[in-house]
Engineer: 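Handing you a structure now.
The model shown is predicted, which means the values in this text are computed figures rather than measured ones.
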Amino acid sequence: MVTSANNSNSVPQTVYSMIGSNSVGPITWDDATWILTSSFIIFTMQSGFGLLEAGYISSKNEVNIMVKNVVDVVFGGLSYWMFGFGLSFGDGEYSNPFCGIGYFFVDAPEEMMGILFSTFVFQMSFATTATTIVSGAMAERTKLSAYIIFSFFNTLIYCIPSHWEWASNGFLRTLGMVDVAGAGAVHLVGGVSALVATLILKPRLGRYDNGIKPPPLGNPVSALIGMFMLWWGWLAFNCGSTFGISGGKWKLAAKSAVVTLNGSIGGGAMGILISCIRFKGKYDISYIVNSVLGSLVSITGACAVIHPWEALIVGAIGGALAILSCHILDRLRIDDPVGASSVHGACGVWGLLAVGLFASNDSLENTTMGRSGVFHGGGFYLLGIQLLAVVVIAVWSSVLSLVILLILKFTVGLRMSVENELMGADYSEHMIGHDTVVTQMLKDYVNEARETRRETPLSVISGKAGEDNTKNNEKNNIKEQNSRVTIRRGSCISRLSYQISRNLLLKHEKVTPINNNEGGIPGQTDEIN
């Protein structure tokens with residue numbers, strides 16, 4: 001991404017094009033306008049990630065996950081301005097194949113202002129996206145204070161691979177690696193970090209008590225709206241990575257748009273087909289969402305260098321891979337609430353390898369540096385370099401993520417307390433309570449457990465309200481209450497909280513039956529049996 005300027009009025013060395021080591025001249029003001037416009041659209045992907053994640057998790061944590069997306073921009077953006085951009089694209093005296101040196105605390109003189117600032121804004125949108133990916137995997141059980149620190153230092157995980165891939169002296173770039181829009185530097189980095197985070201945090205309370213079947217989505221409509229916003233943002237993500245519209249870049253931008261759309265079409269079709277077959281004519285929302293997003297990740301690395309019909313194949317495989325890898329993780333009891341490790345990690349690997357298989361030589365901007373993929377007669381060199389990139393990026397991301405998260409775990413602490421996790425981060429972190437009888441009972445119960453220093457909540461999770469000596473004596477009363485008490489399913493914030501709520505309602509003899517004729521919502525009630 002860094003190349004020497006070839007006009008006499010510019011600085012000796014600066015940032016020019018993300019694609020092609022031999023760009024057709026310096027970036028013009030038209031290019032800068034394209035870069036900035038793409039950056040602003042990419043920034044809206046934060047909203048898409050937030051809505052998607054809020055739709056996947058229980059409603060008692062949806063405000064908290066949106067706040068974590070704010071944190072990604074605030075603290076991730078701060079660290080990227082301070083040192084992230086300089087480590088990625090600094091071209092100072094000590095810049096080397098491992099990292100850049102220079103442009104720390106980004107500022108620029110007037111002659112460099114346009115290109116440097118527009119590049120920084122574009123790259124910051126990429127950097128914050130890599131952090132946002134991890135927030136979904138850590139959802140519903142991570143302390144906000146720990147996440148703030150992580151989002152600040154996560155820039156270190158992203159900025160080094162981006163130097164390897166896109167800086168003129170980055171070691172992967174000099175070997176000939178091709179990653180047009182960040183399948184490796186953004187998505188693989190984020191996906192691997194997400195997997196490490198889930199392994200350290202361990203599953204949510206009660207997640208696998210009753211098997212591996214995923215809990216119902218908290219708000220499927222929110223998840224779908226988030227998917228559409230990400231879909232829209234992805235067009236800017238991929239097309240904007242041509243880094244301009246001058247020379248032959250506008251043609252590559254148009255091609256990237258068609259390839260991106262075709263890839264997502266192939267992935268979405270595959271997800272719908274798999275859901276229809278597996279669930280016998282039913283269409284699972286998470287299958288649809290993950291297949292579309294998985295296909296978009298898969299096409300990101302090759303969007304400017306493959307043909308539209310090839311994009312359908314790459315996207316379809318990516319969509320299937322996203323669904324399959326989610327299922328594998330659940331079978332291994334690895335709890336990723338939104339499937340970030342699968343969608344971004346597994347599909348990021350496939351996206352990089354797809355370049356080595358399907359890429360065609362680019363004569364417009366020399367994106368592939370004269371090479372082609374296996375299926376276009378280019379041999380196995382490019383595929384080998386892409387495979388090397390997968391390995392080194394995965395190792396770097398996993399090791400550094402592990403170090404940062406373990407330090408946080410043994411200092412400030414990563415995971416919320418049992419009581420706070422049961423009540424939900426919205427209440428425990430933001431003082432936002434859910435106006436339902438069940439939540440109030442939950443607060444009363446948790447406070448009682450705290451006062452008596454008992455670990456009752458842990459037994460409640462497994463469906464046991466305690467081995468009380470009076471249990472047998474109250475059995476008949478419980479049966480009678482079971483037959484009378486009705487609660488709204490909508491007031492229960494997940495399958496886990498529904499189970500907890502049932503025990504709480506029976507414990508506290510305060511609840512009167514809710515009747516459909518007395519404020520109930522038709523079709524939204526559930527009788528406890």
Engineer: Can you tell me if Asp426 uses its side chain to pair, donor with acceptor, with the backbone of Val63 under 3.5 Å?
Structural biologist: yes
Engineer: Sequence neighbours left out, what passes salt bridge (Lys or Arg N to Asp or Glu O under 4.0 Å) with Arg141? Give chain and number order.
Structural biologist: none
Engineer: Could you tell me how the ring of His307 sits relative to the ring of His376: parallel (under 30°), tilted (30 to 60°) or perpendicular (over 60°)?
Structural biologist: tilted
Engineer: Please report the C-alpha distance between Thr142 and Phe150 in whole Å, then the side-chain angles of each, then the deciding distance to 0.1 Å, and finally whether the side chain to side chain contact (heavy atoms under 4.5 Å, CB included) criterion is met.
Structural biologist: CA-CA 11 Å; Thr142 306; Phe150 173 77; over 6 Å; no
Engineer: Backbone N or O of Lys143 within a donor-acceptor pair of the Glu429 side chain at under 3.5 Å?
Structural biologist: no
Engineer: Kindly indicate whether the side chain of Lys255, heavy atoms from C-beta on, has any atom under 4.5 Å from the side chain of Thr242.
Structural biologist: no
Engineer: Please confirm whether Phe126 and Tyr158 have ring centers closer than 6.0 angstrom.
Structural biologist: no
Engineer: Is it the case that the side chain of Trp396 and the backbone of Ile157 share a donor-acceptor pair, with hydrogens and angles ignored and the cut-off at 3.5 Å?
Structural biologist: yes
Engineer: Would you say that more than 12 heavy atoms from the other residues, nucleotides or ligands in this model lie under 6.0 Å from the CZ of Phe279, or not?
Structural biologist: yes
Engineer: Kindly indicate whether the side chain of Leu293, heavy atoms from C-beta on, has any atom under 4.5 Å from the side chain of Val297.
Structural biologist: no
Engineer: Nearest 0.5 Å, please: how far is CG in Leu195 from CD1 in Ile200?
Structural biologist: 10.0 Å
Engineer: Quick check against the 3.5 Å criterion: does Asn262 have a side-chain atom that pairs as donor or acceptor with the backbone of Pro308?
Structural biologist: yes
Engineer: Using a cut-off of 6.0 Å, state whether more than 12 heavy atoms not belonging to Tyr381 lie near its atom OH.
Structural biologist: yes
Engineer: Answer yes or no: is there a side-chain heavy-atom contact under 4.5 Å between Ile133 and Val189?
Structural biologist: no
Engineer: Using 30° and 60° as the class limits, which term best fits the ring planes of Trp350 and Phe358: parallel, tilted or perpendicular?
Structural biologist: perpendicular
Engineer: For the CD1 atom of Ile42 and the CG atom of Leu235, what is their distance to the nearest 0.5 Å?
Structural biologist: 10.5 Å
Engineer: Indicate yes or no: at least one non-hydrogen side-chain atom of Ile317 is less than 4.5 angstrom from one of Ser298.
Structural biologist: no
Engineer: I'd like to know if the side chain of Arg415 reaches the main chain of Lys202, judged simply by a donor and an acceptor atom lying under 3.5 Å from each other, with no hydrogens or angles considered.
Structural biologist: yes
Engineer: Determine, step by step, whether Leu252 and Lys249 satisfy the side chain to side chain contact (heavy atoms under 4.5 Å, CB included) criterion, reporting the C-alpha distance in whole Å, the side-chain angles of both residues, the deciding distance to 0.1 Å, and the verdict.
Structural biologist: CA-CA 5 Å; Leu252 293 179; Lys249 293 192 283 286; 5.5 Å; no
Engineer: Taking all non-hydrogen atoms of both residues into account, name the closest pair between Ala197 and Val134 and its distance.
Structural biologist: CB-CG1, 4.2 Å
Engineer: Closest heavy-atom contact between Asn361 and Gly370?
Structural biologist: OD1-CA, 3.2 Å
Engineer: Does Thr260 reach the main-chain N or O of Thr300 with its side chain, forming a donor-acceptor pair under 3.5 Å?
Structural biologist: no
Engineer: Please evaluate residues Met177 and Glu165 with respect to the criterion side chain to side chain contact (heavy atoms under 4.5 Å, CB included), reporting the C-alpha separation (whole Å), side-chain torsions for both, the decisive distance (0.1 Å), and the verdict.
Structural biologist: CA-CA 7 Å; Met177 181 202 175; Glu165 290 191 5; 3.1 Å; yes
Engineer: So does Gly218 get a backbone contact from the side chain of Ser58, meaning a donor-acceptor N/O pair under 3.5 Å?
Structural biologist: no
Engineer: Once the angle between the rings of Phe49 and His344 is folded into 0 to 90°, is it parallel (under 30°), tilted (30 to 60°) or perpendicular (over 60°)?
Structural biologist: tilted
Engineer: Taking side chain as C-beta onward, heavy atoms only, is Ser125 less than 4.5 Å from Phe237?
Structural biologist: no
Engineer: Is Asp362 reaching over with its side chain to a backbone N or O of Val305, donor-acceptor style, under 3.5 angstrom?
Structural biologist: no
Engineer: Answer yes or no: is there a donor N or O on one side and an acceptor on the other, between the side chain of Lys60 and the main chain of Glu421, under 3.5 Å?
Structural biologist: yes
Engineer: How far apart are the closest heavy atoms of Gly77 and Thr128, and which atoms are they?
Structural biologist: N-CG2, 4.0 Å
Engineer: Between the side chain of Ser275 and the main-chain N/O of Ile272, is any donor-acceptor distance below 3.5 Å?
Structural biologist: no
Engineer: Enter the distance from Ile334:CD1 to Cys326:SG here, rounded to the nearest 0.5 Å.
Structural biologist: 11.5 Å
Engineer: Minimum heavy-atom separation for Val71 and Ser151, please, with both atom names.
Structural biologist: CG1-OG, 3.2 Å
Engineer: Restricting to non-hydrogen atoms, name the atom on Leu230 and the atom on Met45 that form the minimum distance, rounded to 0.1 Å.
Structural biologist: CD2-O, 3.5 Å
Engineer: Decide whether Tyr56 and Glu140 meet the rule of one side-chain donor and one side-chain acceptor closer than 3.5 Å.
Structural biologist: no
Engineer: Any side-chain donor paired with an acceptor under 3.5 Å for Ser162 and Gln123?
Structural biologist: no
Engineer: Which distance, rounded to the nearest 0.5 Å, do you find between the CD1 of Ile288 and the CE of Met227?
Structural biologist: 8.0 Å
Engineer: Is the closest basic N to carboxylate O distance between Asp330 and Arg207 below 4.0 Å?
Structural biologist: yes
Engineer: Hey, does Gln386 have a side-chain heavy atom less than 4.5 Å from the side chain of Leu382?
Structural biologist: yes
Engineer: How long is the span from the CD1 atom in Ile393 to the NE2 atom in His187, to the nearest 0.5 Å?
Structural biologist: 12.0 Å
Engineer: With a 4.5 Å cut-off on side-chain heavy atoms, are Phe122 and Ser241 touching?
Structural biologist: yes
Engineer: Under a plain distance cut-off of 3.5 Å, with no hydrogens placed, do Thr132 and Asp72 share a side-chain donor-acceptor pair?
Structural biologist: yes
Engineer: Please assess Ser342 against Asp336 for the test side chain to side chain contact (heavy atoms under 4.5 Å, CB included), listing each intermediate value before the final yes or no.
Structural biologist: CA-CA 9 Å; Ser342 302; Asp336 184 342; 5.6 Å; no
Engineer: Between Trp231 and Phe228, how do the two ring planes meet: parallel, tilted or perpendicular, split at 30° and 60°?
Structural biologist: parallel
Engineer: Between Ser341 and Ala194, which heavy-atom pair has the shortest distance, and what is it?
Structural biologist: OG-C, 3.6 Å
Engineer: Report yes if some heavy atom in the side chain of Val259 is under 4.5 Å from a heavy atom in the side chain of Glu310; otherwise report no.
Structural biologist: no
Engineer: Supply the atom-to-atom distance Ser295 OG to Ile299 CD1, rounded to the nearest 0.5 angstrom.
Structural biologist: 8.0 Å
